[in-house]
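Before any comments, here is the structure.
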Amino acid sequence: MEPGSPEYEVLLGEFIAEAREILARVDGTLVALERDPADADGLAAVFRDVHTIKGNCGWLGFGRLEALAHACESLLDCVRNGELELTTEIVTSVFATLDALGRSVDGLERTRVEGDEDFSGLIATLDALREGEVPAGAADDDGVVDELPAREGAIRVGVDLLDRLVNQVGELVLVRNQLLQAVAAGDAVTVGISSQRLDVVTGQLQEGIMRTRMQPVGRVWSRFPRLVRDLALECGKQVRLSVEGGDTELDRTLIEAIRGPLTHIVRNAVDHGIEEPEARTAAGKPAEGFVALRAFHEAGQVVLEATDDGKGIDVERVRRRALDRGLIGSEEAAKLADNEVIERVFEPGFSTAEDVSSISGRGVGLDAVRTSIEAIGGSIAVDSRRGRGTRFRIKIPLTLAIIQALIVRSVGLRYAIPQANLVELLRIEAADVERLIEHVHGARVYRLRGRLLPLVYLDELLVPELARTERPARDVNIAVLEAEDRQFGLVVESVHDTQEIVVKPLGRELRGLSCYAGACIMGDGKVALILDVVGVARMARMAPAGAERHAAESPLATPAPADSAAALLVGVGGGRFAMPLESVDRLEELPRASVERAGNRSLIQYRGAILPLLRVDELVRERRKTPREPAYDEPPADEDTIQVVVHRSGERRIGLVVDRIVDIVEGLPEVTHPSTRDGVLGSTVIRGRITELLDLRAAMSSIGAVPSAAEEAEP
Amino acid sequence: MDGSPNIICTFMVGELFLGLEIGHVREILRYQDMTPVPLAPMAVSGLLNLRGEVVTAIDLRRQLGMPATQPDAMPDIVVVDVDPIRVGLLVDRIEDIVEVGDGRFEDPPDTLDPAARRFIRGVYKLEDRLLAALDVHAATDLGAGGADTRERGRGQLHQPSAPSMETRDS
């Protein structure tokens, strides 16, 4: 087969594509393997891939490459059968092999024939390692991977998308035929109909083609694990990279544009951010630092976050340097808030030659990063805590946002719920509704595995009148959603399938409706609204459900502040106590027989640990001599089980034993009477009863669990 | 001061014969199904799929304080561009495109229904009748909609009275 012949070109094209795919994959596998050398499958995979490349090279007559791949394969074989251990030197030499192969593939693409790079040095190293020697310089990398080869010339398109495009072209052909006939026959009506159809199909086709340009963000950071590994080695640090959301899609050109900035930020994190292992352990951190990359959709943009747990940006140094460089005046320097000062790192002229080490920088300061991002219409912000870490946040507006969404039905219409917010789906049969959905004075909740899940009825949210009407009991479908770290259950009429949808923004005129994040076009061409889960949660919290509305509207009722937390009411003896619902970890009913005593403490085994128990009336010392009579309307406590409210503070848990769980109320009212005894913060009136607010800190300290200073500082 | 003639796209909304400068009109369409938007201002009939773009449909009858479009009626749609938004205005029936000189333009007559008044810039005196020039900014302003008409429009959806058009920083 002659180079230059059509058959050769075809085979070469396939070789290059496959080689690139393999090289990218092996990179990641090798980094993971280095961290976990016992992973036999990973090792086998790497071996297989190198073997495949060797075979392909031989097939096309690339002798030099074949020899290189062969040397590497032999070395890996020794590791595979246990003759050798996977050392850093071996991994580095395999990486060097992969890099050399990568360069050659690039060369092949340009010149169409095997290059003349001399691999004898590398082969010698590989052979020496196989013999068990450690040749000098084996652990040195000849170049940290920074420039990733551009993958022009070909893209990958999902098979589903391709099928859809093919179908749409088919439609287009049909419409075209229809139109031609109608015009020839002078059939104006059909011409009109066909034109509209033409309109629709052309639009769909256009959108479909645009979608082929969408590539997953993960492409940009596929080589980052290697990058981080190499950099960390060079700096003498231990760093782990984690990635999330790599399948978030972005237009190709935008992906290329963020490659540089992201690379720079990650290098910065390893080089400047993460401290040396000794410094970290001295500061109470694990010796290994992490860099986390995360990509996700939010409000019509793609957000990329790069977070590290290093030493953070020294605000005072930034302030001084900005002052020195004349970027801010001295008055301004004094007045600027910390987060404003930090933004100065993006100013041109901020970093100097002394910062540009051989590892990062290379003449590219953060100002260049910001310029690149802003050039594509995006924005970048940085947030940092001294000693804790730094986070860069890049936002890129989208021409097309594609997300996975669950389609549900309510008030006869379809709605899309972003998969990212969906935790799980539940279904309650009509017969069980009465029993399982608890009505806690206007708020409906469902006890989900011990936790109280507030319910939001979508139909009542969208059509408030429905809240006042009696409706027959029916099966209840609940989508458990998460927004802003809180969960709630969205009750919908029915649940359909999960689909990939294209997010269309709503017109400016409708932006005020916070329950909608946008709209999408369903397969039948109809529009469906996309729910904004955060917006729905907020709307539901602010709108009291059902009968509550009348009470709130009365001018005599003191409205709870919009963002006041809900409170749990419990009954103990004859008294009522309350605590913020957010401090409730779980509500449990535990067997009385399982309570054990140790000294003068009560304990119970709970979820693999020991939970100290404290009866609320032990905490709150009773002044009376005779115990209060239980109120006549409260049922007696169950004898075999105890009601426990689990409260967690930091790492410690305590189980507060109560007689009964009474209620959940919206909003913890102001304390009207200051505390008159230990264990309570004060008292107030809730629903016409005197209720005391429990002092949870006192509860914790009474069992010897005093929060540490670090926990105190946590919000 | 008779300048070049204006080209006006005309349509009927209730009893009113209305017109819009062709410059504002992007296109005119036959009726399309639309998706209702619960909690939206009353004048919003729903969302349209315009070749892949989602466009809000505003019922001009509601804006002008008239009884809402009947559920089984199939109103025509005038898609207008009012920078920066694009909306579809629902009208009873699209009429012809007319040419009319500036000289024929007058202030709106006193006989005009007050609810409709703020949507009319003026009238053109045609040979046989008056053509009311629609103020496209007012027509597409959802805060300006008729506050008295509370009739249930299509389906069972009924929008609440509280204005939901506060600007939010999103």
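The chains referred to below are lettered A, B, ... by the order of the sequence lines, with proteins before strands, and numbering in each begins at 1. Please read these numbers as outputs of a predicted model, since none were measured by experiment.
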When you compare the side chain of A:R474 with that of A:E493, does any pair of heavy atoms fall below 4.5 Å? yes
Tell me, for A:Q196 versus chain B, whether the close heavy atoms (under 4.5 Å) come from the side chain, the backbone, both or neither. side chain
Between B:D33 and chain A, which part of the residue has a heavy atom less than 4.5 Å away: side chain, backbone, both or neither? side chain
Which answer fits B:I58, side chain, backbone, both or neither, if we ask what part of it has an atom under 4.5 Å from a heavy atom of chain A? neither
Taking the six-membered ring of B:F17, is NZ or CZ of B:R129 closer than 6.0 Å to its centre and within 45° of its axis? yes
Assess whether side chain to side chain donor-acceptor pair (under 3.5 Å) is satisfied between A:S194 and A:Q178, documenting all intermediate values. CA-CA 7 Å; A:S194 302; A:Q178 226 176 29; 3.3 Å; yes
Under 4.5 Å from a heavy atom of chain A, the part of B:V55 involved: neither
Would you say B:E106's side chain and B:K125's backbone share a donor-acceptor pair under 3.5 angstrom? no
